[in-house]
Every structure is written in structure tokens, then in C-alpha cells.
2 protein chains.
Amino acid sequence: MAQNSRKINMADVARRAGVSMATASRALNNENGVAESTRRRVLAVAEELSYVVSPEASRLAGGATGRVAVVVPHISRWFFATLLEGLEAVLRAADLDVLLYHVDGIEDRHDFFHRLPARRKVDAVVVLAFPVAEEEQRRLELMGVTIIAAGGQHAPYPNVCIDDETAGRQAMDHLIFLGHRRIAMIAAVDPDQPGELAPPGRSNAYYAALRDAGIPSDEQLVATVNWGGAEGADAMARLLSQREPPTAVYAHSDEVALGAVRTLRRAGLRIPEDMSVTGIDDHPLAELTDLTTVRQPVRQQGELAGRMLLNILRGEETDHDVVVPTQLVIRGSTAPPRS
Amino acid sequence: MAQNSRKINMADVARRAGVSMATASRALNNENGVAESTRRRVLAVAEELSYVVSPEASRLAGGATGRVAVVVPHISRWFFATLLEGLEAVLRAADLDVLLYHVDGIEDRHDFFHRLPARRKVDAVVVLAFPVAEEEQRRLELMGVTIIAAGGQHAPYPNVCIDDETAGRQAMDHLIFLGHRRIAMIAAVDPDQPGELAPPGRSNAYYAALRDAGIPSDEQLVATVNWGGAEGADAMARLLSQREPPTAVYAHSDEVALGAVRTLRRAGLRIPEDMSVTGIDDHPLAELTDLTTVRQPVRQQGELAGRMLLNILRGEETDHDVVVPTQLVIRGSTAPPRS
DNA sequence: TTCGGCAACGGAAACGCTTCCGAATGAGTC
DNA sequence: GACTCATTCGGAAGCGTTTCCGTTGCCGAA
């Protein structure tokens, strides 16, 4: 494989095209100040030698890195992966490379913000769906690059996300409309987050919906667990053990809801006859399992974040806070309570 | 934010530590030939100035890029994302950066191999779980870097994967052991792959198991669909419409199996009493849905691939073909057929 | 005919590091 | 005490671009 021909560089191209390196550089970068015929000649030679500029040298001499860091917890969860998918698509279409940083767990996270491995390597960093603590913000800003966020609304950066409270209300109002009055909530916290708080919007929606419907809230009906299906199942078991169990469950996410479903099935309860269940997200498996949920456009959030970043990088005008709409998707897991 | 102090470089560090740049470089890179006291002094100064070497300059002057490209289809699927997660973890622990290339769809893919956007940017490329066509191999090799694969066994590169046929046999033998004789297969093909073939190992296992058990195979019982839950559901519907339906279904993956489960439930059939269902993968939701499946260690495959790559990059000895074991996980979706 | 001005192009200085090679220093040996 | 040898260190030449200036050549205007 080409061990005979040493690595070719721009000087080679320039020489072969009969121009100076300066001109070659300009031609290759589509700058103006080059005659069209010259540009074509240079490009042709480059193509012929299958030459590509050295990003290192290019960057060193000036110009941007052409890379952006994406910081993401939990790659393997559908939500994060899908967000990433959308983001990557638009960034790569713009010829930006994506440097992936998976910060999983509190320790990993601390390490990331402390060492800043992306330092000097990227033009921007995108924080995917997790709140950045103040101390961490200070570290991040040390990098001196553009920062944006997507999928969560907890940072002072340009941001695209859903309105958690609205989403929660869509689910809750649906349950209330169906006639449920004893509604449980399974709140999910991310164990890796510093504060260990469930998304406040989704919890607020619960209380607000109850209040607006004149239903007293009962802390017995609220279970807070770490995010996850198994945890959702445990929570459901606890909720079932009450003297007066709920007739419906409002879960913070589909995965948690699916956990609850397992417990219900094992307990021999029928869904939706004996218990209604709702999730949030519209995970692909929600459809398969016939789960009523609130859909959020995940991939689109990633794409919007990508476009936002491109705009900022190009110095163009852009929205700095985009809220995408959510939508109630009624399936077979909800019905009026048995009278 | 530090707009007053111009960017500091190694020369600054060297000067301040009272050494030459040569020494500073050696100290910072942990090379030997530097007195321990000197090294500490340099490191201290670097820390104090919060200096990090410019990767571009470093690379330009010689040495590796410290980056590896990971090529992956379908990031948002659990399997791929988890593989990626494992891989990223070990690479980053070794201070290598991960450049993510999502090639989704035949067109995207062609573009990737044609333009080779990772060219001159990485020390290695890891191909995650998809077969590389010969033409594509030739393009890849143009990059002149190390190449390895993980999660699939279709390329001539160092590789870590499971044995698809063994995995399939574990599921099939379980069904046969339970007494099933009319066993259907739902084979899943990846629509983005050129050949559009289902994993041959998993299909072979089906036929081999039947043969070994002396059960004649019946092509009516084989459905081939694109990968996905909805597609699995469709396939199941077709299988049910036969004059003599199966008593068990062997699906190529958990997602497909879950789709089949939906169809069965909607049809009012009970699992496992009326129909046994098996998947492959042990997707997190398989546990939640009580699906019997064959577990493969996905994250671990990613990690192993990462370690393999590190070894190769360091020029150390290493296995070039690792096959990780799979394991039958019996849950509630399989039982003997009704007599 | 001369000259101002403009478009196209070239020379060469950065950019920030690694590494080859040689110099200096100090310890160990006879 | 002279000499060898290992260890530590510094000078300086690249690495492959971009970009600042300046030069050249040409056209139209005076």
C-alpha cells in the first residue's frame, strides 16, 4: 500500500500545478483571489494525487479545528443515542468531526471536567441532556469555545429541549380526563447527577395537574427511584402494597413505565382494566408494548442543536432557546378506572 | 476570561522552569532522559500555568494523532450504542479520542467510504458491527491505518464477536428440548447492508438444529424481514395466518421478538402457553418483558475491541480473533407446547 | 505615453511542537 | 588522577499549512 511513494504535501501539489503554495492553499480552500482556471488546475492535481490537506498543519497555521466535542452520559440509552444521532448527522453534513466524550458516573464526570481532555481540540462543545453544575461550567469555559446544550434545560447555554412540565401535563391531564383520581407518580432521578433530583418539570406537572383538578395529592402515591426499568418495577411493587392502591400510574419515562408494567403483569393485574400506565418519551418499544405516552421528537432535538451550533460558529443570527413541542400518544395502556 | 494573557506555549513553560524546550517536551511526555527533579519542576510549572500541549503541533512534529475513528450504523439501537460505550471507555482511559462516524443508510455509507472524511485524522478505525464490502475495504486501506472490527465477523480485520451459530443453537435447542416441533424463524436483515442477508450464523443454527433433531424444515415457517420491532410484528402475523401455525418462534433478535409478542398478545394468544418466543441479545427490555433469550456480552465486546486496538497500536502481541461466549437465559416466554 | 489601480500570484514568516545529535556533567574504574 | 561511559540536557532542524505583504502584469483613463 503505497509504501513506495512518500507522503505528498501541498508543496507537491503546488509544484505540479505550477503555482506557489500560497496559491495552492487559496485554491484548495476556495478563497478568492485565484483565477478560476488556476483553481481548477490545482484542484485537478490534488484529485489526481488524491491529496488531502493535513488537518494538523492547517490548524496549526491558523483556522479552526473543524471538530466539536459532544459530551453525553449513557450512550446506550435510546434517548441519548438518538439525540446524538441527530446531532451527528447535521454536524457531519457540515464537515465537522464529532469527538465523543461519554461521561458515565460521577467520577468519570469529575475527571472530564477536571482534565478537560477536549481542551485545545475542538471549536465547540455540546452538552447532551444533563445539567452542568456551576463549578463545572467554570471549568468548561476555561476551554474558551462555544458551548451549547440539547435535550435538557438546566444550563445557561443556548439550548434546545422540550417543556417538561407541559409534557407531564399532557399525560396527567389525560389520566384525569379519563376519570382517575388516585394517580401515582414514579419519578426517575439520574443517579449520576450531582443533585440527584428528578426532572422538576415532570414532577411539577403532577402536582399542578392534581391541584387544578381539585384532587388532593398524597405523598404515599409518589415513588422516587433511580432511572431504569428494574427500578420502575420495584417502585410499582411498593405502590401496589398500599392499603388503597392507585388506579393509574404516571411515570417519568417509558422505560420506568415498562418496569411498572412488568410488576403489574406479574401481580396478575390487567392493563388498562385494573391499572392505567403512562410514560414519557415515546421510546420505540412503547409502541410495541402498547404504552400510552407523551412523544418528544428526540432526533429532531439533536438536529436542531446541530443547526444552532453551525449558526453560532458561522457568526450568524440564531435562536438561543428552542422548545420543541410534545404530543400525547394514546395507546392501549390507559382507560377509565373501573367504577 | 483570560483575554489579557496571550496563549501560552511550551516555550513559556520551558523558560519558566529554566529548561530547554527539548527537556520540557520530554518531561511532559513522560519520556526518559530527564532527571526526576527536573520533570517535577516542569510538570509543576505546566500545572500552574494550566498548560496543555497543542495536539496539532504535537502531531505535526511527529507522533500519532491520538484519535481513532469509530464507524457505526444505527447509533440509536441498544446493541450498537452499548458496543460503542464499551469501546469508548477503554479508548478514553488510554487517552485516545473517539471520532464518531455514523453511517446510516446506503448513501451515507457510500459517501463515507468515498470521501474518507477521517483520512489523515486518526491512527486507527474501528468498524462496529457491519460487514465491509471488498470495494469498501480497498477504500479504507487507502487511509493507511490500523483497522479492526467488533460485533460482527464479516471482515478480514482483527475482530471480536460472538459465534452467531452457537447462539442460535442455544435458543433453538432450548425450544426443541421443551418439545416443540413446529418452530418458526423470524430472520432479520439489515436493510442498509449491501447484500441484504440475515446473519447467516443465526439462520444456519435454525436449520442445523432442526436437522439434528430430525425435524423436517418447512419454508412456510421462515419469515425474513427488515430489522425492527414493527417488522417482527408483521412477520408474526403472517406466521399465524398459516393453516398449521407454529408453537414456538425463534427470532433473530430481541427487538424482533418483542414485535412478535405484540402480535401474539393482540391476537389473544398467551405466552408461553399458546406460543413460545425466544430472542437473541438480552436487550435490557428483554428482562422487563420476561423474554427468554440468548445473552451476549455487548459492552464487553466493545471493551475487548478497545484493548485489542491498544495492543496493536502499541505494537504488542495480541489475539486477533476473539469470540466471546453467549448464554441462554430462560425466562417466562418459553414453555413446553400444549399437548 | 504614462500612470493609478486592481486582480492574480509568490516569498517567507509564523504556528507549537518533537527529535536528532552533540555537549556537558558526574560517577566509576584502573 | 586520567579516562571511559552513562546520564541529562540544549540547539536547531524540521513537520505542512496559512497568511501577511509585496510584486507582477494588465487594463483603462488622463
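Proteins come first, then strands; the chains are lettered A, B, ... in the order of their sequence lines, and each starts at number 1. The model shown is predicted, which means the values in this text are computed figures rather than measured ones.
- The pair D319(B)-R307(B) fails the salt-bridge criterion, with no side-chain N (NZ, NE, NH1 or NH2) lying under 4.0 Å from an Asp/Glu carboxylate O.
- Considering only side-chain atoms of A57(A), the nucleotide from dG10(C), dC9(D), dG16(D) that sits closest is dG16(D).
- Of the candidates dT17(D), dC17(C), dG11(C), the closest approach to any side-chain atom of S20(A) belongs to dG11(C).
- Comparing E36(B) and A11(A) against DNA chain D, the residue whose closest nucleotide sits nearer the 5' end is E36(B).
- Atom-to-atom, CZ of R40(A) to P of dC9(C) comes out at 12 Å; the value is rounded to the nearest Å.
- In this structure, R59(B) places its CZ atom 16 Å from C1' of dC15(C), rounding to the nearest Å.
- Taking atom CG of N30(B) as the reference point, atom C1' of dC17(C) lies 17 Å away to the nearest angstrom.
- Nearest to the side chain of M21(A), among dT18(C), dG16(C), dT17(D), sits dT17(D).
- At whole-Å resolution of the value, CZ in R41(B) and C1' in dT8(D) are 12 Å apart.
- Of all nucleotides listed (dG16(C), dT18(D), dC9(C)), dG16(C) comes nearest to the side chain of L60(B).
- Counting non-hydrogen atoms under 4.0 angstrom, N32(A) reaches nothing in the nucleic acid.
- Looking at which nucleotide of DNA chain C each of S58(B) and A22(A) is closest to, the 5′-most match is held by A22(A).
- Aromatic ring orientation, F112(A) versus Y101(A): tilted (interplanar angle from 30° to 60°).
- Atom CD in E31(B) sits about 14 Å away from atom P in dC17(C), given to the nearest Å.
- Where S37(B) and A61(B) each meet DNA chain D at their nearest nucleotide, the meeting point lying more 5' is that of S37(B).
- In the displayed structure, H114(B) atom NE2 is contacted under 6.0 Å by at most 12 heavy atoms of other residues, nucleotides or ligands.
- Here R120(B) lies in heavy-atom contact (under 4.0 Å) with sugar-phosphate atoms only.
- Contact annotation: S25(B) reaches the phosphate of dT18(C) (side-chain N/O to OP1 or OP2, under 4.0 Å).
- Following rounding to the nearest Å, N9(B) (CG) and dC15(C) (C1') show an atom-to-atom distance of 9 Å.
- Side-chain proximity of R26(A) to the nucleotides dG16(C), dT17(D), dC9(C) is greatest for dC9(C).
- In this structure, E316(B) places its CD atom where more than 12 heavy-atom neighbours from other residues, nucleotides or ligands lie under 6.0 Å away.
- Under the 4.5 Å side-chain criterion, counting only non-hydrogen atoms from C-beta, L83(A) is not in contact with R299(A).
- To the nearest angstrom, C1' of dG16(C) lies 12 Å from CD of E56(A).
- Summarising the geometry, the separation between CZ on R39(B) and P on dT8(D) is reported as 9 Å, rounded to the nearest angstrom.
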